[in-house]
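Shown next, in structure tokens, is the structure this report addresses.
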Amino acid sequence: MAATFTEKQEALVKESWELMKQNIQELSLHFFTTILEIAPAAKGMFSFLRDSEEVPQNNPKLKAHAVKVFKMTCESAIQLREKGEVVVQESTLSYLGAVHVKSGVIDPHFEVVKEALMRTIKGAVGEKWSEEMGCAWGEAYDQLAAAIKAEMKQAACPAAQEPPKA
């Protein structure tokens with residue numbers, strides 16, 4: 001069970017997401033640039049960056065991926081408030097688990113993405129940033145990451161998930 005996610009935390013995530021949506025093109029680029037600054041080797045993990053010399057300014061796949069990450073984290077925050085846990089469509093979660101396993105994602109990678117996400121949000125919202133806002137996004141991200149990691153375990157060894165045969 002997740003820590004209690006307050007109405008104020010949910011409001012902070014929603015408010016900052018509304019601000020960020022207006023500038024998602026630039027923010028997505030900043031987000032990925034930050035990931036690569038923290039962990040340059042991560043470039044090879046993203047199919048849309050692998051064959052490029054630099055982070056392309058107008059890479060539609062990069063933008064789409066960043067929007068997905070921001071949006072899912074925001075939606076996770078709303079679910080934490082409403083349901084007390086992150087509930088992503090099972091097919092989506094299974095897909096995310098499989099893709100992350102296939103890409104070779106391991107636990108420390110989630111921390112890199114979280115750090116890049118926090119830096120990007122902090123820069124995007126400027127003076128509206130607060131420690132409380134950071135905690136709200138952090139909790140939402142952590143819960144989403146936990147849900148993806150659980151699916152990754154299933155994707156990595158599906159046989160272990162089958163019920164024993166009688």
Side-chain angles (χ1 to χ4, degrees), residues 1-50 52 54-88 92-93 96 99-100 103-150 152:
M1 180 71 176
T4 305
F5 201 75
T6 67
E7 203 172 324
K8 182 161 187 203
Q9 285 176 306
E10 181 192 40
L12 287 166
V13 169
K14 280 181 171 178
E15 177 192 346
S16 49
W17 172 237
E18 286 306 315
L19 278 172
M20 291 188 291
K21 278 199 290 195
Q22 299 163 25
N23 198 13
I24 203 67
Q25 187 93 32
E26 190 179 311
L27 290 176
S28 58
L29 188 61
H30 183 271
F31 176 57
F32 273 95
T33 304
T34 305
I35 289 173
L36 299 177
E37 278 169 14
I38 298 168
K43 184 178 177 185
M45 300 179 82
F46 297 100
S47 57
F48 50 85
L49 296 179
R50 222 174 272 144
S52 134
E54 56 187 302
V55 178
Q57 299 295 322
N58 295 308
N59 185 321
K61 288 183 180 174
L62 179 145
K63 179 187 172 198
H65 189 75
V67 169
K68 236 182 270 178
V69 173
F70 279 117
K71 193 166 183 248
M72 283 188 89
T73 305
C74 184
E75 287 168 357
S76 297
I78 294 162
Q79 289 174 357
L80 281 175
R81 175 81 184 123
E82 291 173 357
K83 301 177 183 152
E85 62 180 335
V86 170
V87 185
V88 181
T92 303
L93 211 46
L96 287 171
V99 165
H100 283 82
S103 299
V105 173
I106 55 174
D107 281 5
H109 297 144
F110 284 96
E111 288 308 310
V112 168
V113 172
K114 181 179 180 180
E115 176 65 25
L117 184 74
M118 293 308 193
R119 287 189 202 173
T120 303
I121 295 165
K122 188 175 183 176
V125 300
E127 62 196 35
K128 288 189 182 284
W129 175 261
S130 67
E131 204 56 48
E132 197 175 8
M133 183 182 282
C135 288
W137 275 98
E139 181 64 28
Y141 177 82
D142 288 347
Q143 293 297 324
L144 176 60
I148 294 171
K149 288 177 192 178
M152 286 172 67

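For the atom pair CD1 (Ile38) and CD (Glu111), the distance works out to 10.5 Å, reported to the nearest 0.5 Å. Atoms CD1 and CE, on Ile35 and Met45 in that order, are 10.5 Å from each other to the nearest 0.5 Å. Within the model, atoms CD of Gln22 and CG of Leu27 stand 10.0 Å from one another, a figure rounded to the nearest 0.5 Å. The distance from atom NE2 of His109 to atom NZ of Lys149, rounded to the nearest 0.5 Å, is 11.5 Å. With rounding to the nearest 0.5 angstrom, the CD atom of Gln9 is 7.0 Å from the CD atom of Glu139. Distance check: Phe31 CZ to Leu36 CG gives 10.5 Å after rounding to the nearest 0.5 Å.
Closest approach of Lys128 to Met133, counting heavy atoms only: O-CE, 3.6 Å. Between Ile148 and Phe110, the shortest heavy-atom contact is CG2-CZ, 3.9 Å. Closest approach of Leu29 and Thr33 over heavy atoms only: O-OG1, 2.7 Å.
Residues passing the side-chain contact (heavy atoms from CB on, under 4.5 Å) test with Lys14, sequence neighbours excluded: Glu10, Ile78. Applying the side-chain hydrogen bond (donor to acceptor under 3.5 Å, both in side chains) rule to Glu18 yields the partners Lys21; only residues at least two apart in sequence or on another chain are considered.
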- Go through the steps for Gln143 and Phe5 under the test side-chain contact (heavy atoms from CB on, under 4.5 Å), then give the verdict. CA-CA 11 Å; Gln143 293 297 324; Phe5 201 75; over 6 Å; no
Per-pair distances, 0.1 Å, donor-acceptor, side chain in residues 116-126, under 3.5 Å, sequence neighbours excluded:
unit_1	atom_1	unit_2	atom_2	d
Arg119	NE	Glu115	OE2	2.8
Arg119	NH2	Glu115	OE2	3.4
Thr120	OG1	His30	ND1	3.2
Thr120	OG1	Ala116	O	2.7

